[in-house]
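Order of the sequence lines fixes the chain letters, A, B, ..., with proteins taken first and strands second; residue numbering starts at 1 for each chain.
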2 protein chains.
Amino acid sequence: MFFLKELPTRQMIQGYAKQHSMEIVDSVETALLMMRQASLLVRQIEAYFSDHDTSQLRFLILIVIDREPERDSLLVSEISDRIDVSRPVMTRTLQSMVDEKLIVMKADQSDRRAKQVSLTEKGCKFLESVLPGYFDVICKFMMDLKK
Amino acid sequence: MFFLKELPTRQMIQGYAKQHSMEIVDSVETALLMMRQASLLVRQIEAYFSDHDTSQLRFLILIVIDREPERDSLLVSEISDRIDVSRPVMTRTLQSMVDEKLIVMKADQSDRRAKQVSLTEKGCKFLESVLPGYFDVICKFMMDLKK
DNA sequence: GGTATTTAGTTATCATGATAACTAAATTTT
DNA sequence: AAAATTTAGTTATCATGATAACTAAATACC
């Protein structure tokens with residue numbers, strides 16, 4: 001997250017940067033603006049999911065399992081390949097989602113270390129129920145940006 | 001932070017969004033890309049500061065005090081006006097920065113509830129020492145983006 | 001001038017990110 | 001086939017974000 005409310009002016013960036021090339025000042029300005037806007041959007045998204053007693057990470061886990069063509073389960077390692085949080089965070093989050101009955105986990109047949117994760121009926125329904133609002137939050141934010 | 005590594009294709013977004021207007025699909029795609037890129041950059045920045053035994057928040061606190069024209073201290077509340085983290089996080093972070101001797105805090109004369117925060121010599125030097133690398137990280141990231 | 005409200009900052013507690021160190025199973029190497 | 005390494009996932013612990021509830025001082029209201 002990037003927490004600075006008022007971004008530095010170009011002049012200020014120029015003052016701090018040792019090399020004063022326009023290109024560098026430009027790219028720093030663009031980067032700061034991108035981080036700030038993304039942070040504001042991420043906050044709105046997290047607030048949306050928090051209102052629905054969940055989190056963006058839980059949502060992403062549901063969606064990567066759901067969007068997999070021709071499969072109805074993924075290994076924990078496959079989910080981790082698609083979402084870059086650390087393994088312990090993945091373990092903990094999956095456990096909470098099992099508790100909430102959004103997913104089920106069962107031992108893999110061919111590799112006894114591995115675990116198959118699949119959506120429950122409840123998880124599927126829940127994903128469908130939060131998706132429209134998720135798009136709404138993003139669209140509304142992007143509309144406001146254009147103004 | 002936005003953790004999804006492979007963003008959904010336009011088709012996939014279209015499949016999930018109830019309304020299929022191009023505009024909506026477009027803005028969702030743009031937003032996801034922005035959040036993903038910003039997250040990657042923020043991670044690099046945090047890694048950079050972590051290598052220097054500090055954090056982006058500490059850096060931002062130093063810089064908002066430093067960049068204030070005609071003043072060499074700010075009230076905690078003024079720092080909070082400029083950086084949107086919660087007050088308890090601000091309190092805790094300022095305390096750690098006092099422990100590290102990057103800043104000093106003293107009671108305000110006119111308002112006995114308030115505290116003036118100013119940079120120490122060490123804090124000033126430290127800020128100067130990390131600034132070039134900070135710009136480097138951002139510039140390098142933005143260069144790679146263009147490719 | 002006394003009561004009520006607001007403002008400044010802190011403390012306690014929780015949620016969620018990380019890394020390091022671990023167990024157990026699979027795989028590679030020799 | 002035994003030993004070494006890699007891979008899958010977990011546990012323990014820490015860092016850093018949040019909110020709720022608090023103290024104390026300043027300000028507003030009557």
Side-chain angles (χ1 to χ4, degrees), chain A residues 1-4 35 38-40 42-61 73-100 103 105-117, chain B residues 1-4 35 38-40 42-61 73-100 103 105-117:
Chain A
M1 293 286 280
F2 185 76
F3 299 113
L4 193 64
M35 286 192 290
S39 293
L40 290 173
V42 167
R43 276 208 172 159
Q44 288 192 19
I45 289 173
E46 291 291 11
Y48 170 72
F49 285 125
S50 174
D51 286 346
H52 292 77
D53 297 308
T54 191
S55 66
Q56 189 182 206
L57 176 56
R58 269 165 254 243
F59 169 76
L60 292 177
I61 290 170
S73 75
L74 284 180
L75 298 173
V76 173
S77 56
E78 291 174 320
I79 299 174
S80 288
D81 289 341
R82 290 160 176 72
I83 301 177
D84 71 350
V85 294
S86 63
R87 279 302 189 89
V89 168
M90 188 57 75
T91 294
R92 188 215 284 150
T93 307
L94 290 174
Q95 277 167 353
S96 76
M97 292 172 75
V98 169
D99 293 346
E100 291 158 4
I103 57 173
M105 294 172 76
K106 61 165 195 235
D108 186 78
Q109 289 309 309
S110 60
D111 185 338
R112 284 187 302 157
R113 297 167 305 179
K115 290 181 174 178
Q116 294 281 349
V117 183
Chain B
M1 295 286 281
F2 186 76
F3 298 114
L4 193 62
M35 286 191 290
S39 293
L40 290 173
V42 167
R43 275 207 175 161
Q44 288 192 18
I45 290 173
E46 290 292 11
Y48 170 73
F49 285 125
S50 174
D51 286 347
H52 292 77
D53 297 308
T54 191
S55 66
Q56 189 181 207
L57 177 56
R58 270 166 253 244
F59 168 77
L60 291 177
I61 290 170
S73 74
L74 284 180
L75 298 174
V76 173
S77 56
E78 291 173 321
I79 300 175
S80 288
D81 289 341
R82 290 159 175 71
I83 301 177
D84 72 350
V85 296
S86 63
R87 279 302 187 88
V89 168
M90 189 57 75
T91 293
R92 188 215 284 151
T93 307
L94 290 175
Q95 277 167 353
S96 76
M97 291 173 76
V98 169
D99 294 345
E100 293 158 3
I103 56 172
M105 294 172 77
K106 62 165 194 234
D108 186 79
Q109 290 308 308
S110 61
D111 185 338
R112 284 187 302 157
R113 297 167 304 178
K115 291 180 174 178
Q116 293 280 350
V117 183

(message) Assess the residue pair A:M90 and A:I61 against the criterion (side-chain contact (heavy atoms from CB on, under 4.5 Å)); give the C-alpha distance rounded to whole Å, side-chain angles, the decisive distance to 0.1 Å, and a yes or no.
(response) CA-CA 9 Å; A:M90 188 57 75; A:I61 290 170; 3.7 Å; yes
(request) Please assess B:L4 against B:M35 for the test side-chain contact (heavy atoms from CB on, under 4.5 Å), listing each intermediate value before the final yes or no. (result) CA-CA 10 Å; B:L4 193 62; B:M35 286 191 290; over 6 Å; no
(request) Using a heavy-atom cut-off of under 4.0 Å over every strand shown, decide if B:R87 touches base, sugar-phosphate, or nothing. (result)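 It contacts base atoms.
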(request) Give one of base, sugar-phosphate or nothing for A:D111, where a contact means two heavy atoms less than 4.0 Å apart. (result)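 Sugar-phosphate, backbone atoms only, no base.
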Between [N] atom [atom2] and [X] atom [atom1], what is the distance in whole Å?
{"X": "B:F49", "N": "D:dA15", "atom1": "CZ", "atom2": "P", "value": "19 Å"}
{"X": "A:F3", "N": "C:dG17", "atom1": "CZ", "atom2": "P", "value": "13 Å"}
{"X": "B:D51", "N": "C:dA18", "atom1": "CG", "atom2": "C1'", "value": "14 Å"}
{"X": "B:F59", "N": "D:dT16", "atom1": "CZ", "atom2": "P", "value": "16 Å"}
{"X": "B:I83", "N": "D:dT16", "atom1": "CD1", "atom2": "P", "value": "15 Å"}
{"X": "B:Q116", "N": "C:dA8", "atom1": "CD", "atom2": "C1'", "value": "13 Å"}
{"X": "A:I61", "N": "C:dG17", "atom1": "CD1", "atom2": "C1'", "value": "13 Å"}
{"X": "A:M90", "N": "C:dT16", "atom1": "CE", "atom2": "P", "value": "14 Å"}

Between [X] and [N], is there a side-chain N or O to OP1/OP2 distance below 4.0 Å?
{"X": "B:R92", "N": "D:dT16", "answer": "no"}
{"X": "A:T91", "N": "D:dG9", "answer": "no"}
{"X": "B:R112", "N": "C:dG9", "answer": "no"}
{"X": "B:R58", "N": "D:dT16", "answer": "yes"}
{"X": "B:Q56", "N": "D:dT16", "answer": "no"}

To the nearest 0.5 Å, what is the distance between [atom1] ([X]) and [atom2] ([Y])?
{"X": "B:T93", "Y": "B:M97", "atom1": "OG1", "atom2": "CE", "result": "8.0 Å"}
{"X": "B:L94", "Y": "B:K115", "atom1": "CG", "atom2": "NZ", "result": "9.0 Å"}
{"X": "B:D111", "Y": "B:Q109", "atom1": "CG", "atom2": "CD", "result": "11.0 Å"}

(request) Would you confirm whether A:E46, through its side chain, and B:M1, through its main-chain N or O, come within 3.5 Å as a donor-acceptor pair? (result) no
(message) So if I take every side-chain heavy atom of A:R113 and compare against C:dA8, C:dA25, D:dA18, which nucleotide ends up nearest?
(response) C:dA25
(message) As a test of reading the structure: which of D:dA25, D:dT7, D:dT19 is closest to the side chain of B:P88, going by heavy atoms?
(response)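 Of the options given, the side chain of B:P88 lies nearest D:dT19.
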(request) Hey, which sits more toward the 5' end of DNA chain C by its nearest nucleotide, A:D84 or B:K115? (result)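 Mapping each residue to its closest nucleotide by heavy atoms, the 5'-most match is B:K115.
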(request) May I ask you to list the residues of residues 74-82 of chain A, by number, that have any heavy atom positioned under 4.0 Å from an atom of DNA chain C? (result) none
(message) Is the shortest side-chain heavy-atom distance between A:Q116 and A:L74 below 4.5 Å?
(response) no
(message) Taking the side chain as everything from C-beta on, heavy atoms only, tell me whether B:E78 gets closer than 4.5 Å to B:V117.
(response) no
(message) On DNA chain D, compare the nucleotides closest to A:Q95 and B:L57; which residue's is nearer the 5' end?
(response) A:Q95
